[in-house]
Amino acid sequence: RWLLAGGALLATGAAVYAWRNRPVRTQQTHPELESRLKVLNPLFAARVRTLMGRLERRGFDPMIWETGRGQDRAEELAARGTGIEGSMHKYGLAVDIVSASKLWGAPAPFWAALQEEAIDLGLTSGAAFGDRDHVQALPTKYDATVRHANAAQIAQLVRETLTRTG
């Protein structure tokens with residue numbers, strides 16, 4: 001069976017997850033976008049809003065596929081080989097962005113623009129490590145630090161890093 005969720009056809013097995021966590025675009029209602037961004041670090045969420053706006057101004061149709069990720073979801077993706085349990089999504093420090101019309105089948109210019117704009121905003125593009133839809137708040141050199149830090153330490157690290165980068 002197939003189900004339409006967030007503008008994409010999904011197999012029933014993925015439908016329950018997809019419906020509760022359906023993708024959002026900046027052109028959708030602001031309350032829905034804001035509810036998705038609420039799980040992110042506030043400074044990072046502000047950069048993601050800017051990133052989405054920049055991509056739209058360049059004529060692309062960006063859509064947030066996933067923001068925060070709980071332990072169950074992280075384990076599910078790791079088991080499928082499409083994610084890692086220690087992902088920055090678990091800490092509100094990562095977002096996956098795809099094309100609303102083409103999803104992961106977007107043309108190369110979309111992915112190039114996503115990478116370029118993310119880097120320009122001081123964010124880390126997953127394209128550097130083979131995950132082109134992934135954008136995170138901190139360089140990967142901080143991943144291990146984040147995994148062993150408390151919320152206040154993570155917030156301070158994000159504040160220091162994003163303040164230095166613009």
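Not one N or O on the side chain of R49 forms a donor-acceptor pair closer than 3.5 Å with the backbone of F44. Between the R47 side chain and the A137 main chain, no donor and acceptor come within less than 3.5 Å of each other. Under the 3.5 Å distance criterion, the side-chain polar atoms of T124 are matched with a main-chain donor or acceptor of L138. Looking only at distances, no side-chain donor or acceptor of E56 sits under 3.5 Å from a matching main-chain atom of G53.
Taking CG from N41 and OH from Y91, the interatomic distance works out to 14.0 Å, rounded to the nearest 0.5 Å. Atoms CE and CG, on M63 and L55 in that order, are 13.0 Å from each other to the nearest 0.5 Å.
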*Stepwise side-chain contact (heavy atoms from CB on, under 4.5 Å) check, I97 with M52*: CA-CA 9 Å; I97 298 173; M52 297 289 284; 3.8 Å; yes
*Step by step, work out the side-chain contact (heavy atoms from CB on, under 4.5 Å) result for T161 and R164.*
CA-CA 5 Å; T161 304; R164 280 195 306 266; 3.6 Å; yes
_Steps toward side-chain contact (heavy atoms from CB on, under 4.5 Å) verdict (D61, K102)_ = CA-CA 9 Å; D61 62 342; K102 306 270 192 247; 5.8 Å; no
*asked:* Under the criterion side-chain contact (heavy atoms from CB on, under 4.5 Å), I'd like the reasoning laid out for L114 against L51: C-alpha separation, chi angles, the key distance, then a yes or no.
replied: CA-CA 8 Å; L114 176 60; L51 173 61; 4.0 Å; yes
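Looking only at side-chain heavy atoms (C-beta outward), R159 and L43 come within less than 4.5 Å of each other. Between I64 and V48 there is a side-chain heavy-atom pair separated by less than 4.5 Å. At least one side-chain heavy atom of H89 sits less than 4.5 Å from a side-chain heavy atom of H134. Residues W65 and V95 fail the side-chain proximity criterion, which asks for heavy atoms closer than 4.5 Å. No side-chain heavy atom of P62 sits under 4.5 Å from any side-chain heavy atom of V98.
Here E160 pairs with Q156 under the side-chain hydrogen bond (donor to acceptor under 3.5 Å, both in side chains) rule; sequence neighbours left out. Checked against salt bridge (Lys or Arg N to Asp or Glu O under 4.0 Å), R57 has no partners two or more places apart in sequence or in another chain.
Residues A45 and L37 approach most closely at CB-O, 3.9 Å, considering heavy atoms.
When each of T140, I154, L93 is paired with M88, the side-chain contact (heavy atoms from CB on, under 4.5 Å) condition holds for L93 and for no other.
Hydrophobic clustering (ILVMFWY, side-chain heavy atoms < 4.5 Å, transitive): I119 and V135 are in distinct clusters.
Among residues at least two apart or in separate chains, side-chain hydrogen bond (donor to acceptor under 3.5 Å, both in side chains) pairs with a member in residues 103-117 are R54-E117, R58-E116, R58-E117, W104-D133.
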